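Notes follow once the structure below has been shown.
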Amino acid sequence: MHALIQAIVLGILTGGVYALMASGQTLIFGIMKVVNLAQGALVVLGAYLTYTLFTTIGMDPFVSILVTTPILFLVGIGIQWALLRPLHGDDVAQLSLLVTFAVALAVEGVLSFSYGATLTNVQPTYANSSWTVLTYQVSSVRLVAFILSLVMLGLLYLLLQRTKFGRSVRATVQNPMSAQLLGVSSKRVSAIGFGIGSATAAAGGAVFGMLNSFNPGSHYDLISRLLTIVVLGGLGSIGGSVIAALVMGVASSVVSALASPIWSDFTFFIVLLLVLLLRPRGLFGAKTRGAL
């Protein structure tokens, strides 16, 4: 029982980080109806930027988020304006899949050329420290990352619900044509939305780099996990993706503790297959899709 509860605690903390990365993926789909296959590569890019700042000038990985987030925001806007905005016609959804996958490969190629294919990680002095709470071990990095994720998700919620831009986003999601008639610039909303979605990858990448060894090809496994979370929560539902991330984080951690870490990785693929077969719209797709 002690091992089970420890696994659940670990899963919740890990799920919070997944929720942050998946929320960006969900936001992009909600605004543009684009499944961003480059999100995993952007997370790895964020991890390498954090690694560079840490090894060159000694910047703390959590502090580096203040630097990497604006960088990834601009990268996201650039991707949307240069590669996705020109797409037109009935095959936009299929073409966007190819374009974002090409972006992922391009990011992987640049990182491989710059850093090589050797596994690396970000190791601050507190990387392996933990606190004991009621006999349970709580990783300091995971706890701080979980709190950071809650703060950033809260800011994202306020942005979408309490600002003029947020109203523009929700109007574009619910009825793009009506939003344009009311003076909302769908091109501007799409560019900024893609930028925000990419910026969440910077925060996720900083934590990912501290918790995992990574190389330029790590995005393949990561994007499969993010897509599982987004599909399980319901495409376009940020609230659904948060709940799905917590569910998958706990499920993966419990399977790892009670069975094997190998089966833990396989958990995401099993869940994705079951969701596609039994409820393709996800757990919350019917109620929350379009509402963000």
Side-chain angles (χ1 to χ4, degrees), residues 13-14 16-25 28 36-83 100-129 139-149 151-152 155-156 192 194-226:
L13 297 179
T14 303
V17 180
Y18 280 130
L20 178 61
M21 293 186 284
S23 65
Q25 180 92 329
I28 291 171
N36 180 21
L37 296 181
Q39 186 75 357
L42 293 176
V43 171
V44 175
L45 174 59
Y48 271 108
L49 291 175
T50 301
Y51 171 79
T52 300
L53 292 172
F54 177 72
T55 55
T56 55
I57 62 175
M59 183 177 290
D60 182 270
F62 286 111
V63 176
S64 70
I65 292 174
L66 299 176
V67 177
T68 59
T69 297
I71 293 175
L72 266 295
F73 176 77
L74 295 176
V75 168
I77 289 181
I79 291 172
Q80 198 280 332
W81 273 88
L83 302 176
T100 55
F101 183 64
V103 170
L105 294 179
V107 172
E108 180 185 356
V110 171
L111 293 177
S112 296
F113 177 79
S114 303
Y115 296 94
T118 305
L119 287 172
T120 187
N121 58 10
V122 183
Q123 283 289 320
T125 55
Y126 53 82
N128 297 316
S129 65
S139 166
S140 57
V141 171
R142 293 180 188 273
L143 180 59
V144 174
F146 181 79
I147 295 173
L148 175 66
S149 298
V151 171
M152 295 192 70
L155 292 175
L156 180 60
I192 296 177
F194 202 99
I196 294 173
S198 301
T200 62
V207 179
F208 181 77
M210 287 188 283
L211 298 179
N212 305 274
S213 295
F214 60 92
N215 64 13
S218 298
H219 68 97
Y220 294 108
D221 178 62
L222 187 55
I223 191 60
S224 66
R225 293 176 180 237
L226 296 181

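For clarity, every value in this text was computed on a predicted model and none was experimentally measured.
- Evaluation of the side chain to side chain donor-acceptor pair (under 3.5 Å) rule for S224 yields no partner, not counting sequence neighbours.
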**Report entry** Steps toward side-chain contact (heavy atoms from CB on, under 4.5 Å) verdict (L148, I65)
**Finding:** CA-CA 10 Å; L148 175 66; I65 292 174; 3.3 Å; yes

Requested in this report: Check the pair L20 / V207 against side-chain contact (heavy atoms from CB on, under 4.5 Å), numbers first and verdict last.
Outcome: CA-CA 11 Å; L20 178 61; V207 179; over 6 Å; no

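- Applying the side chain to side chain donor-acceptor pair (under 3.5 Å) test to residues at least two apart or on different chains, none of the pairs has a partner in residues 64-73.
- Within 6.0 Å of OH in Y51 there are 12 or fewer heavy atoms belonging to other residues, nucleotides or ligands.
- Sequence neighbours left out, not one pair with a member in residues 74-83 passes side chain to side chain donor-acceptor pair (under 3.5 Å).
- Minimum interatomic distance between G40 and L222 (heavy atoms only, all atoms of both residues): O-CD2, 3.8 Å.
- With sequence neighbours excluded, the residues that form a side-chain contact (heavy atoms from CB on, under 4.5 Å) with V144 are F62.
- In this structure, OG on S218 lies 8.0 Å from CG on N212, to the nearest 0.5 angstrom.
- Closest non-hydrogen pair, P61 versus Y126, comes out as CD-OH, 3.7 Å.
- Applying the 6.0 Å contact sphere to CZ of F101 captures no more than 12 heavy atoms from other residues, nucleotides or ligands.
- P216 approaches A117 most closely through the heavy-atom pair CD-CA, 4.2 Å.
- When the side-chain contact (heavy atoms from CB on, under 4.5 Å) test is applied to P70, no partner is found at least two apart in sequence or on another chain.
- Side-chain contact check for L156 versus S23: some heavy-atom pair is nearer than 4.5 Å.
- Among residues at least two apart or in separate chains, side chain to side chain donor-acceptor pair (under 3.5 Å) pairs with a member in residues 112-125 are T52-Y115.
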Can I get a per-line list of side-chain donor-acceptor pairs under 3.5 Å for residues 195-206, giving both atom names and the distance, sequence neighbours left out?
unit_1	atom_1	unit_2	atom_2	d
S198	OG	F194	O	2.9
T200	OG1	G197	O	2.6

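- In this structure, N215 and V44 approach most closely via the heavy-atom pair O-CG1, 3.7 Å.
- Atom CD1 of I79 sits about 11.0 Å away from atom CG of L74, to the nearest 0.5 Å.
- Listed here is the closest heavy atom pair of V122 and A47: CG2-O, 4.3 Å.
- Looking only at side-chain heavy atoms (C-beta outward), L72 and L49 come within less than 4.5 Å of each other.
- With sequence neighbours excluded, no residue forms a side-chain contact (heavy atoms from CB on, under 4.5 Å) with L66.
- Qualifying side chain to side chain donor-acceptor pair (under 3.5 Å) partners for N128, counting only residues two or more places apart in sequence or in other chains: none.
- Among residues at least two apart or in separate chains, ring pair (Phe, Tyr, Trp, His ring centres under 6.0 Å) pairs with a member in residues 201-220 are Y48-F214.
- Remark: the backbone N or O of Q25 is not paired with any side-chain donor or acceptor of N36 at under 3.5 angstrom.
- Partners of I57 by side-chain contact (heavy atoms from CB on, under 4.5 Å), not counting sequence neighbours, listed by chain and number: L53, M59.
- A donor-acceptor pair under 3.5 Å links the side-chain atoms of S140 to the main chain of S129, judged by distance alone.
- Sequence neighbours left out, the pairs with a member in residues 197-225 that pass salt bridge (charged side-chain N to carboxylate O under 4.0 Å, His left out) are D221-R225, R225-D265.
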